[in-house]
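One structure is given below, encoded as structure tokens.
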Amino acid sequence: QVQLVESGGGLVQAGGSLRLSCAASGHTTSIYSMAWFRQAPGKEREFVAGLNWSGGTTHYADSVKGRFTISRDNAKNTVYLQMNSLEPEDTATYYCAFTGRTYIPTQQSLYFYWGHGTQVTVSS
């Protein structure tokens with residue numbers, strides 16, 4: 001089992017920045033790729049960014065490309081999402097997710113472990 005705990009969400013004005021963290025514990029040696037998803041009120045959960053654990057390969061949704069950066073600290077078993085130039089449309093609950101896949105799936109059904117989410121609110 002893997003436990004994931006997100007932190008770093010909050011309220012920020014448009015144009016501002018936030019850094020989300022996702023700390024993993026448990027049997028993390030089985031994890032290959034990880035990602036951030038988000039879900040806005042009344043909308044489906046969507047893929048935001050993903051990172052391959054061993055290779056450092058990243059993948060971003062078009063809506064955040066150039067503004068968000070995913071990274072990880074293997075020694076701390078932590079994944080980060082640096083979010084810059086935030087827009088009101090980025091308001092959502094952000095979830096981190098881990099999978100045993102070696103590539104970076106964008107489908108949430110392929111992720112085995114999920115955090116409980118952290119709220120990001122961007123005011124205009």
Taking the side chain as every heavy atom from C-beta outward, state whether [X] and [Y] have any pair of such atoms under 4.5 Å apart.
| X | Y | result |
| --- | --- | --- |
| L51 | T57 | no |
| Y103 | H59 | no |
| T121 | V12 | no |
| R101 | L110 | yes |

Is a side-chain N or O of [X] found less than 3.5 angstrom from the main chain of [Y], in a donor-acceptor match?
| X | Y | value |
| --- | --- | --- |
| S63 | A61 | no |
| Q13 | S124 | no |
| N84 | G16 | no |
| R67 | S85 | yes |
| Q82 | T69 | no |
| T99 | Y111 | no |

Can you tell me how far apart [atom1] ([X]) and [atom2] ([Y]) are? Round to the nearest 0.5 Å.
| X | Y | atom1 | atom2 | value |
| --- | --- | --- | --- | --- |
| Y60 | T106 | OH | OG1 | 15.5 Å |
| L20 | S7 | CG | OG | 8.0 Å |
| Q39 | Q108 | CD | CD | 7.5 Å |
| Y80 | C96 | OH | SG | 12.0 Å |
| M83 | R19 | CE | CZ | 11.5 Å |
| L4 | S21 | CG | OG | 12.5 Å |

C22 pairs by side chain to side chain contact (heavy atoms under 4.5 Å, CB included) with which of Y95, Y94, F98? F98

Using the rule side chain to side chain contact (heavy atoms under 4.5 Å, CB included), only one of I104, V2, V79 pairs with M34; which is it?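 Running side chain to side chain contact (heavy atoms under 4.5 Å, CB included) over I104, V2, V79 with M34 returns exactly one hit, V79.
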
Same cluster or not: L18 versus W36, using hydrophobic residues (I, L, V, M, F, W, Y) connected whenever any side-chain heavy atoms lie under 4.5 Å apart?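 Linked, L18 and W36 end up in one cluster.
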
Over 60° means perpendicular and under 30° means parallel, so classify the ring planes of F37 and W114, tilted if in between. tilted

Test side-chain contact (heavy atoms from CB on, under 4.5 Å) on L81 and F68; report intermediate values, then the result. CA-CA 7 Å; L81 185 68; F68 291 10; 4.2 Å; yes

Which residue, D90, T93, T91, forms the side chain to side chain donor-acceptor pair (under 3.5 Å) with R38? D90

For K65, does the NZ atom have more than 12 heavy-atom neighbours from other residues, nucleotides or ligands under 6.0 Å away? yes

